[in-house]
S.K.: 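Below is a structure I'd like to ask you about.
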Amino acid sequence: MTDRRFNPAAADAKWQAAWEEAGCFVADSASEKPKSYVLEMFPYPSGRIHIGHVRNYTMGDVLARYKKMRGHEVLHPMGWDAFGMPAENAAMEKGVHPGGWTHDNIAHMKAQLKRIGFALDWTREFATCDASYYGHEQALFIALYEAGLVYRKQAEVNWDPVDMTVLANEQVIDGKGWRSGAEVEKRKLNQWFLKITDFAEELLDGLDSLDGWPDKVKLMQANWIGKSKGLQFAFDLSDGDKVEVYSTRPDTIFGASFVAVAADHPIASRVAEGDDAAQAFIEKCKAGGTTAAALETAEKLGFDTKLTARHPFTGEALPVYIANFVLMDYGTGAVMGVPGHDQRDFEFATKYDLPIPRVVAPNADDADKPFAGEAEPGEGVIVNSQFLDGLDVEAAKREVIARIEAAGAGEGKTVWRLRDWGVSRQRYWGTPIPFIHCDTCGVVPVPEEQLPVELPEDVEFDTPGNPLDRHPTWKHVDCPGCGGKAVRETDTLDTFVNSSWYFLRFASQPADKPFDRDEVAKWLPVEQYIGGIEHAILHLLYARFWTRALERIGMLDFAEPFASLFTQGMVTHETYQAGDGSWLSPGEVKKDGADYMRIEDGSPVTVGRVVKMSKSKKNVIDPDAIITQYGADAVRWFMLSDSPPERDLPWSEAGIEGCSRFVHRLWRLTTQRDAAASGEDLDLARKTHRTIAAVAEDIEALSFNKAVARIYELTGAVEKAQPSASREEAIETLLLLASPMMPHLAEEAWAEAGGEGLIANAAWPAVDPALLVEDEVTIAVQVKGKLRDTLTAAKGSSKEELEALALASDKVQRSLDGAAIRKVIVVPDRLVNIVT
RNA sequence: GCGGGUGUGGCGGAAUGGUAGACGCCGGGGACUUAAAAUCCCCUGAGCUUUGCUCGUGCGGGUUCGAGUCCCGCCACCCGCACCA
């Protein structure tokens with residue numbers, strides 16, 4: 001017994017040192033134990049750990065510690081997604097070198113992570129900006145090139161005509177450059193691409209094997225890949241040429257009232273040659289950003305080329321437009337416009353006063369039904385369509401495809417929405433693309449013995465644009481082929497490439513190659529991957545692609561990197577605004593009864609919506625400050641309590657106070673033990689064993705909030721119980737169950753009670769199945785579906801017994817009030833419903 | 001605009017189609033204390049004619065003996081949209 005209070009600051013440091021000393025969390029790939037690879041998405045070293053990271057890594061940590069308790073050898077690594085634009089922005093704004101800035105940030109954030117007591121194997125740490133990482137990435141890139149999965153082509157970028165630089169989408173605000181304010185233009189550059197479209201079918205089919213992934217993510221990826229079956233066919237044009245169009249709705253072919261081509265379609269270019277107005281329209285289409293959202297929300301604009309296209313069945317002459325909403329990248333870059341059954345076409349036709357025929361109707365009788373101000377893209381019966389009339393949509397599609405194919409005018413075709421992955425970035429702080437341009441030999445890979453191609457240190461950020469391109473010496477090299485003068489590629493790789501294989505490098509990091517295939521096979525696929533839903537498509541699809549590509553070229557033996565995926569919600573917080581509308585940080589505000597006021601001058605504060613923490617709204621909580629105030633365990637407990645992990649977690653002062661109280665409450669309980677207590681408390685023992693089973697189930701399902709609630713319940717039961725051997729067992733169990741969540745308190749209390757070794761190395765408590773059996777159940781009794789009574793019955797009572805018990809109830813009889821019973825529904829061990 | 005998701009007390013949430021609100025927070029009352037903090041105990045969805053009854057899971061319909069849960073139609077908010085990470 002002790003009256004010593006739990007001191008988080010001292011305990012945190014003490015046990016973190018003890019774990020490190022014992023090497024508790026260093027993964028041994030030679031271990032005979034079953035292996036578990038638990039991985040959270042590694043952070044971008046922005047400067048400070050934010051509370052969202054804490055939530056993400058706490059979840060992974062609980063799972064990693066739990067798996068270790070279940071006898072697994074656990075790999076739980078951490079590293080840094082260290083290339084990217086913020087470092088270059090810092091260089092421009094503060095005059096610091098991106099590398100120095102990044103390494104300072106990493107040092108700070110690593111210290112922050114260590115304070116939270118995560119069970120991480122720091123011996124495997126690396127940053128993607130280390131040449132010892134990106135050099136191997138260059139080797140992999142060359143390997144993919146040699147396998148024919150890398151190529152170059154012209155592609156559009158956002159061009160800032162004032163700063164003379166390429167802008168990222170986030171740097172384009174309302175179609176203007178973020179620094180210059182100039183109207184952004186689309187410009188074509190020769191860029192590097194990865195052939196992800198070669199894998200479209202397998203990336204789609206592979207989703208079926210990902211049982212551990214959320215359906216919503218699989219659905220999003222499937223839609224992104226976007227396999228569609230349709231018809232590609234040619235219209236004859238009035239000038240004697242043809243235009244190939246692609247449509248996923250060939251059944252609506254009789255509803256076509258125009259043909260539209262993309263602004264960069266060859267037909268558009270040809271029309272523009274002798275037509276200044278057409279040229280001006282095409283130029284206009286080049287203004288603005290390149291994002292899909294910008295294109296699709298922009299007003300639908302068209303230019304009438306005066307050409308006409310001959311309808312293959314009716315012979316009708318349809319006008320041909322150049323339109324800003326047609327994408328050159330998808331299908332053939334030209335479409336047949338069916339306004340009645342496609343919303344974009346509807347808007348376009350309305351604007352340019354084109355006919356809107358109906359060719360699909362709810363019923364055959366509705367052939368002339370007017371449209372209610374919008375297109376009807378759904379199912380129905382084909383009408384006004386000659387030989388298609390009366391068919392359903394699918395049958396009509398087949399019929400049209402068959403007829404067009406028979407006429408030799410086109411063919412049924414599968415088209416993918418997925419586009420090849422453009423990986424060129426005209427920036428310094430990224431992996432140099434390891435190629436050399438030679439006038440004689442063309443594009444030549446850097447020889448393996450010359451890797452890594454390292455970034456030069458001496459670069460200037462005083463002007464926009466790529467410092468690599470304007471560096472005085474770096475790019476000038478001799479051609480590896482002919483030995484003549486040549487230049488390096490100055491584009492660097494998209495940072496998504498860095499995060500497409502880092503999980504392999506964590507598992508195996510030899511000096512002379514990217515990874516060792518056999519070592520990787522010991523750990524991969526990742527058993528549980530945890531990160532934000534915002535990565536549902538791009539990062540996860542790219543990582544899947546990269547893994548499959550490496551499998552195809554024989555470097556890996558598996559196709560899918562992540563067996564299970566979990567996407568966690570954001571951490572949110574109330575917002576506060578002063579009278580003048582300016583945002584206030586939580587530290588500037590205090591609660592005054594039911595209202596809030598500004599500490600500075602007592603002026604009233606408006607409490608705004610609970611939103612994602614962001615610097616601009618100042619509703620940010622600093623993990624360091626709260627760890628100092630409450631200790632790591634209270635913060636970890638808060639991250640796991642209440643909100644289901646896939647949902648948003650609202651941060652609150654009251655909530656963390658409550659968590660802190662519970663840490664101390666558990667401490668008191670464990671220090672009020674009576675080792676000499678004897679005797680059995682069957683109810684408590686049952687509760688204990690039910691809790692062990694339930695908490696294990698909850699942790700495995702990552703339902704941490706439910707596990708937390710069960711630990712609270714058992715704590716409450718222990719507090720009410722009289723001393724007994726069962727109570728001693730319950731307390732020890734509580735410590736073990738809580739140890740993945742509050743490891744510091746658990747160690748301290750374990751040591752206090754004379755527990756053997758570190759609780760971090762302890763085994764998960766065993767469940768006694770005999771104690772899980774229930775012998776009595778509570779039965780709900782309803783009359784006409786409404787609850788009227790509850791009664792207790794022996795588990796497994798027969799339907800007849802339960803019915804008799806229910807009818808014997810006074811409350812039920814009163815409720816029945818003599819009415820005739822029509823039917824009695826009995827659900828064994830649960831409910832009786834009497835219907836009159 | 002397109003794709004995906006979420007919606008339950010004052011708040012976070014729990015609930016294999018079967019007792020809606022477990023557990024936590026806030027709030028109220030009490031105990032202990034000279035007093036406070038800490039701690040402990042009790043109450044806490046709304047309403048009513050209070051042995052009990054009625055209403056209640058974003059809104060409107062539907063299926064069912066029975067719907068938070070399944071179906072149809074809406075609304076609001078959140079995530080993604082290929083150069084933010």
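Basis for what follows: all heavy atoms, side chains included, without hydrogens, waters or symmetry-related copies. No experiment lies behind these values; they were computed from the predicted model shown.
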S.K.: With a non-hydrogen cut-off below 4.0 angstrom, is A:Q343 in contact with a base, only sugar-phosphate, or nothing?
M.R.: nothing
S.K.: Nearest whole Å is fine: how far is B:G4 C1' from A:I533 CD1?
M.R.: 8 Å
S.K.: Pick the P atom in B:G5 and in B:U54, then give their distance to the nearest Å.
M.R.: 38 Å
S.K.: Could a donor-acceptor pair under 3.5 angstrom be found where the side chain of A:N223 meets the base of B:G3?
M.R.: no
S.K.: Quick one: sort the A:H539 and A:Y502 rings into parallel, tilted or perpendicular, breaks at 30° and 60°.
M.R.: tilted
S.K.: On RNA chain B, does the nearest nucleotide to A:E713 precede the nearest nucleotide to A:R665 from the 5' side, or the other way round? Give the residue.
M.R.: A:E713
S.K.: Quick check: on RNA chain B, is the nucleotide nearest A:S652 upstream (toward 5') of the one nearest A:F496, or the reverse? Name the residue that is more 5'.
M.R.: A:S652
S.K.: Look at A:N705 and B:C23 and indicate whether a side-chain polar atom (N or O) is within less than 4.0 Å of OP1 or OP2.
M.R.: no
S.K.: Would you say A:T165 and A:D160 are linked by a side-chain donor-acceptor pair, where the criterion is simply a distance under 3.5 Å?
M.R.: no
S.K.: Can you find an N or O donor on one side and an acceptor on the other, under 3.5 Å apart, linking the side chain of A:E574 with the base of B:C11?
M.R.: no
S.K.: Among B:A14, B:A82, B:A85, which nucleotide has an atom closest to any side-chain atom of A:R647?
M.R.: B:A14
S.K.: Take atom CD of A:Q782 and atom C1' of B:U64, then tell me their distance rounded to the nearest Å.
M.R.: 13 Å
S.K.: Does any N or O donor sit under 3.5 Å from an N or O acceptor when you compare the side chain of A:N833 with the base of B:C65?
M.R.: yes
S.K.: Would you say a side-chain N or O of A:R710 is under 4.0 Å from OP1 or OP2 of B:A22?
M.R.: no
S.K.: Below 4.0 angstrom from OP1 or OP2 of B:A85, is there any side-chain N or O of A:T495?
M.R.: yes
S.K.: Looking at B:C53, I'd like to know if its phosphate oxygens (OP1 or OP2) sit under 4.0 Å from a side-chain N or O belonging to A:R788.
M.R.: yes
S.K.: Would one find a side-chain N or O of A:K706 under 4.0 angstrom from OP1 or OP2 of B:A15?
M.R.: yes
S.K.: Taking the C1' atom in each of B:C55 and B:U50, what is the distance between them to the nearest angstrom?
M.R.: 15 Å
S.K.: OP1 or OP2 of B:G52 versus the side-chain N and O atoms of A:K786: is any pair under 4.0 Å?
M.R.: no
S.K.: Pick base, sugar-phosphate or nothing for A:V217, based on heavy-atom distances below 4.0 Å to the nucleic acid.
M.R.: nothing
S.K.: For B:C26, which nucleotide is its Watson-Crick or G-U wobble mate, given both distances must be under 3.5 Å?
M.R.: none
S.K.: Distance check: side-chain N/O of A:R661 vs OP1/OP2 of B:C25, anything under 4.0 Å?
M.R.: yes
S.K.: Please determine if A:K300 forms a cation-pi arrangement with A:F348, meaning its NZ or CZ atom is less than 6.0 Å from the six-membered ring centre and no more than 45° off the ring axis.
M.R.: no
S.K.: In terms of relative ring orientation, are A:Y44 and A:W101 parallel, tilted or perpendicular, with 30° and 60° separating the classes?
M.R.: tilted
